[in-house]
Amino acid sequence: MFDKVLIANRGEIALRIHRACREMGIRTVAVHSTADANAMHVRLADESVCIGPPAPRESYLNIPAILSAAAITGADAIHPGLGFLAENAEFAQIVGEHDLVFIGPSPEHIRLMGDKVAAKRAAKELGIPVVPGGDAVNDIVHARQEADRVGYPILVKAAAGGGGRGMRVARDQGELETMFPIAQAEAQTFFGNGALYLERFLAKPRHIEVQILGDGQGSVVHLGERDCSLQRKHQKLVEETPSPGLNLTERRRICDLAASTMRKLGYKSAGTLEFLYENGQFFFIEMNTRLQVEHPISEMVTGIDVVREQIRIAAGAALGYRQEDIAFAGHAIECRINAEHPDTFAPSPGTIQRYHAPGGMGVRVDSALYRGYTVPPHYDSLIAKLIVHGSSRNECLMRLRRSLEEFVVSGIETTIPLHQKIMTADAFLNGDYDIGWFERTFDHTL
Ligand code: ADP
């Protein structure tokens with residue numbers, strides 16, 4: 001096992017990884033920008049190294065600085081967390097070339113899934129149904145032909161896209177012609193790659209994803225599905241497992257399909273296959289070759305620590321258990337709490353005046369906040385994840401409501417009041433929501 005792991009990330013996820021390491025008797029190295037000198041992940045780590053100024057490009061994305069920090073501190077392995085360098089195949093490769101272990105999948109698998117057009121092609125070849133469309137389109141003539149073949153309304157997506165950005169709906173040919181060059185330019189600016197593809201736009205699907213763990217030695221298991229249909233601007237706000245929209249047969253079908261596909265691929269580490277689900281059909285949209293923000297809900301129902309498993313697997317251990325050994329118990333829901341105004345979604349960085357996290361049975365808070373901490377304006381606005389487990393969905397919902405009541409964060413605006421509204425909305429209580437429900441119901445900014 002590793003002696004020392006460098007955590008190439010910040011915020012709650014850096015803390016989450018630190019916790020897993022400490023429980024395994026592994027020492028940790030935090031890296032941080034100058035804006036994060038007082039962050040909790042830095043305070044709790046055994047050692048810390050400042051790797052640059054606040055701008056991510058100069059710190060959390062600065063590969064030479066991170067490798068130097070690993071060399072100086074004598075780390076054996078690097079955990080990339082999520083976002084930043086987590087899906088950068090070049091980084092994974094360079095880490096390996098420096099005699100360090102990258103805690104994640106092989107650079108080849110990261111590369112394959114990072115290019116969405118290649119990922120869809122691979123999924124199709126492996127026998128997974130994909131959304132109609134998905135081939136790269138280079139110019140408007142080609143785009144028009146592809147759109148006619150797939151049918152309107154059509155979604156224009158960036159091949160190198162991510163984080164729900166760079167997607168536009170065209171309802172007819174006129175709209176496609178107007179937006180195509182804009183989308184191309186935007187993809188170039190944001191993702192450094194102007195390649196686009198088109199996909200059938202599904203009207204009211206659910207977002208269903210399957211958590212996978214593979215040891216690269218022939219064993220792959222799934223930890224069930226997560227329903228992440230509660231979204232704003234294609235970004236997840238609330239996730240739950242099991243999905244209230246699937247029956248047992250559908251759940252088994254998609255989870256087994258995801259696991260068997262990853263077995264064929266020889267996948268190593270944690271990963272998530274994302275699908276859209278509509279009218280009894282699943283369509284693959286992408287795979288994340290990394291830890292995801294919402295991984296804790298799967299941990300709550302299975303008792304399996306996903307980060308611990310990533311570390312064990314990276315150190316060469318076999319899974320050591322089979323699918324039949326994994327028991328699924330109860331229901332779990334996660335609320336993503338952001339430093340944003342609950343009505344306008346305007347970012348709200350600033351200093352935390354008062355902080356009180358909820359507790360009690362079945363309640364977990366993953367957060368790097370503390371009283372007096374200043375949320376910097378430079379990074380993602382996620383400040384806390386409230387994760388609640390109950391023996392049934394109803395118990396989980398009641399526990400979530402009382403936990404939200406207990407949660408105090410003052411000095412900045414947060415989305416806690418918004419989650420309180422969601423948790424009393426009939427459609428949510430009935431489990432009757434799709435990816436557009438939140439925007440149709442609550443978002444008055446659109
Ligand atoms: P990203 O990598 O940017 O997160 P994804 O392909 O994973 O992009 O899609 C993110 C979200 O966008 C999905 O959860 C869903 O809400 C929406 N979406 C993606 N593809 C489609 C589609 N073909 N039809 C309707 N909505 C879609």
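Residue numbers start at 1 and run along the sequence shown.
- The aromatic ring centroids of Y60 and Y379 lie less than 6.0 Å from each other.
- A salt bridge is defined here as a Lys NZ or Arg NE, NH1 or NH2 lying under 4.0 Å from an Asp or Glu carboxylate O, and R10 with D380 fails to meet this definition.
- Contact between I412 and A339 at its shortest, heavy atoms only, is CD1-CB, 3.9 Å.
- Inter-residue side-chain proximity for L248 and P242 is flagged as unmet; no heavy-atom pair is nearer than 4.5 Å.
- Side-chain contact between R393 and E240: present, with at least one pair of heavy atoms (C-beta onward) separated by less than 4.5 Å.
- Within a 6.0 Å radius of NZ in K4, more than 12 heavy atoms belonging to other residues, nucleotides or ligands are found.
- In this structure, E12 does not pair ionically with R16, as no charged nitrogen and carboxylate oxygen lie closer than 4.0 Å.
- Taking every heavy atom of both residues into account, D227 and G245 meet most closely at OD2-N, 4.4 Å.
- The pair K385-E294 does not count as a salt bridge, with every side-chain nitrogen at least 4.0 angstrom from each carboxylate oxygen.
- Pairing each heavy atom of Q231 with each of F438, the nearest pair is O-CB, 3.5 Å.
- Taken from OG in S229 to NE2 in H207, the straight-line distance is 7.5 Å, to the nearest 0.5 Å.
- Between E274 and K236 a salt bridge is recorded (basic side-chain N to carboxylate O distance below 4.0 Å).
- Taking a cutoff of 4.0 Å between a charged side-chain nitrogen and a carboxylate oxygen, D215 and R312 do not qualify as a salt bridge.
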Salt bridge (charged side-chain N to carboxylate O under 4.0 Å, His left out) between E23 and R19, worked out: CA-CA 6 Å; E23 289 176 16; R19 286 172 172 155; over 6 Å; no
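- Within a 6.0 Å radius of CE in M398, other residues, nucleotides and ligands contribute 12 heavy atoms or fewer.
- Proximity of P105 to K268: side-chain heavy atoms (C-beta onward) are nowhere separated by under 4.5 Å.
- A heavy-atom distance below 4.5 Å is found between the side chains of Y370 and R43.
- Counting all heavy atoms, side chain and backbone alike, L15 lies closest to S367 at CD2-O, 3.2 Å.
- Salt bridge annotation for D434-R440: present, with a cationic side-chain nitrogen under 4.0 angstrom from a carboxylate oxygen.
- Expressed to the nearest 0.5 Å, how far CZ of R22 lies from OG1 of T28 amounts to 6.0 Å.
- Inspection of the Q323 and H222 side chains reveals an N or O donor paired with an N or O acceptor under 3.5 Å.
- With hydrogens and angles left out, the side-chain atoms of Q235 and R336 include no donor and acceptor closer than 3.5 Å.
- By the 6.0 Å contact criterion, CD on E90 is open, its count of non-hydrogen atoms from other residues, nucleotides or ligands being 12 or less.
- Atoms CD1 and CG, on I72 and L67 in that order, are 11.0 Å from each other to the nearest 0.5 Å.
- Neither side chain, E395 nor H331, offers a donor N or O lying under 3.5 Å from an acceptor on the other.
- Salt bridge E299/R364: present, at least one basic N to carboxylate O contact under 4.0 Å.
- Within a 6.0 Å radius of NZ in K264, other residues, nucleotides and ligands contribute more than 12 heavy atoms.
- Between E239 and L230, every side-chain heavy-atom pair lies at or beyond the 4.5 Å cut-off.
- In summary, the side chains of Q211 and S298 do not present any donor paired with an acceptor at a separation below 3.5 Å, with no hydrogens or angles considered.
- The heavy-atom pair separating A20 from V307 by the smallest distance is CB-CG1, 3.6 Å.
- Using cut-offs of 30° and 60° on the angle between ring planes, the pair F442 and W437 is perpendicular.
- Residues D325 and R322 have side chains in contact (heavy-atom distance under 4.5 Å, counting atoms from C-beta outward).
- Remark: the T73 side chain and the E47 side chain contain no N/O donor-acceptor pair separated by less than 3.5 Å.
- I304 places a side-chain heavy atom less than 4.5 Å from the side chain of L213.
- For the pair R251 and F275, the cation-pi test (distance below 6.0 Å, angle within 45°) is failed.
- Residues P244 and R206 have side chains in contact (heavy-atom distance under 4.5 Å, counting atoms from C-beta outward).
- The closest side-chain donor-acceptor pair between N394 and S392, if any, does not fall under 3.5 angstrom.
- A pairwise comparison of heavy atoms in V169 and P153 identifies CG1-CB, 4.2 Å as the closest pair.
- A cation-pi arrangement is present between R232 and F345 under the rule of less than 6.0 angstrom and at most 45 degrees off the ring axis.
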